[in-house]
Amino acid sequence: MQTRRSAKPKASAANITSIAQNIQITSSKKRKLTPDVPEIAKPTSKKPTINESNTNSSNNSDHAFWLMKAEPETRFEKGKDVKFSIRDLQEMNMSCWDGVRNYEARNNMRKMKVGDICFFYHSNCKTPGIAGTMKVCKEAYPDFTAWDPEHPYYDPKSDKDDPRWFMVDVQFDSIFDRIISLKELQQCPELEEMQLIKRGRLSIQPVTTKEFDFIKSLVE
DNA sequence: GCCAACGTTGGC
DNA sequence: GCCAACGTTGGC
């Protein structure tokens with residue numbers, strides 16, 4: 001039986017290669033890929049669109065904001081360390097964000113656009129909280145780790161012709177001088193409605209512009 | 001399509 | 001390591 005888990009990008013050289021391959025493929029193949037990929041969005045979860053959820057904004061920027069969780073401390077799953085921290089991303093500069101195995105989180109990832117800004121959240125660790133920011137640099141494409149039986153996030157039900165799970169690529173943007181802890185965030189009346197506070201278990205979630213600006217103000 | 005049983009998330 | 005909250009599965 002497995003222990004617990006959330007989504008975590010894999011910091012391996014293999015991934016970097018895959019990203020490079022995907023980037024190469026993108027121009028010729030991506031356009032083709034999209035129509036082939038069935039929309040498997042959960043019919044029951046009628047989520048607001050990005051525009052609805054992320055637009056109560058004071059500025060004119062046309063990108064959306066998100067929060068993504070990963071585990072910064074070593075933990076072995078199927079014999080592999082699933083640790084991934086903001087420092088790991090900083091060292092790699094760019095990484096795919098694999099391992100998301102929840103439909104709502106996946107659907108949120110599929111709404112992401114290049115240039116969207118994401119908080120990097122450290123979870124299941126000593127001080128859970130927001131550690132920095134990153135940018136979406138490649139929009140959703142099939143999560144190939146779901147097809148690898150050796151991979152901790154293998155899912156035999158994900159078919160190559162009908163992929164069930166998706167990932168985006170992210171690029172390091174900034175690391176905060178301090179972790180903005182969950183404890184601190186929970187105490188801010190401004191963040192009462194934030195998904196992170198209200199829905200602890202969702203690993204990929206939208207952040208409103210107001211929430212984003214407020215949280216940024218805590219570190220500046 | 002209900003809902004009980006089961007599995008996972010993730011703070012503590 | 002515990003366990004509450006909640007997501008998923010599968011029998012009916």
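Below, chains carry the letters A, B, ... as their sequence lines are ordered, and counting in each starts from 1.
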Problem set entry | Non-neighbouring partners of A:Y121 that pass ring pair (Phe, Tyr, Trp, His ring centres under 6.0 Å), sequence neighbours left out | none

Exercise. How would you list, by chain and number, every residue that makes a ring pair (Phe, Tyr, Trp, His ring centres under 6.0 Å) with A:F172, sequence neighbours excluded?
Worked result: none

Please list each protein N or O that sits under 3.5 Å from an N or O in nucleotides 4-6 of chain C, with the distance.
unit_1	atom_1	unit_2	atom_2	d
C:dA5	N3	A:R201	NH1	3.3
C:dC6	O2	A:R201	NH1	2.2

Measure from [atom1] on [X] to [atom2] on [N] and round the result to the nearest Å.
| X | N | atom1 | atom2 | value |
| --- | --- | --- | --- | --- |
| A:Y103 | C:dT8 | OH | C1' | 9 Å |
| A:E77 | B:dG10 | CD | P | 12 Å |
| A:L202 | B:dG11 | CG | P | 13 Å |
| A:L196 | B:dG11 | CG | P | 8 Å |
| A:L185 | B:dC12 | CG | C1' | 16 Å |
| A:E184 | B:dG11 | CD | P | 15 Å |
| A:D155 | C:dT8 | CG | P | 12 Å |
| A:W165 | C:dG7 | CH2 | P | 13 Å |

For this session: Just grab all the ring pair (Phe, Tyr, Trp, His ring centres under 6.0 Å) pairs involving residues 177-207 of chain A, residues at least two apart or on different chains.
Result: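 Listed once each, the pairs would be none.
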
Problem set entry | Residue that, paired with A:F119, satisfies ring pair (Phe, Tyr, Trp, His ring centres under 6.0 Å) out of A:F212, A:F65, A:W66 | A:F212

Problem set entry | Short side-chain N/O contact from A:Y121 to OP1 or OP2 of B:dG11, under 4.0 Å | yes

Seminar exercise, completed: By side chain to side chain donor-acceptor pair (under 3.5 Å), A:R201 pairs with (sequence neighbours left out) none

For this session: Report the residues that fulfil side chain to side chain donor-acceptor pair (under 3.5 Å) with A:E211, sequence neighbours left out, ordered by chain and then residue number.
Result: A:T208

Exercise. Across the strands shown, which category fits A:K157 at heavy-atom distances under 4.0 angstrom: base, sugar-phosphate, nothing?
Worked result: sugar-phosphate

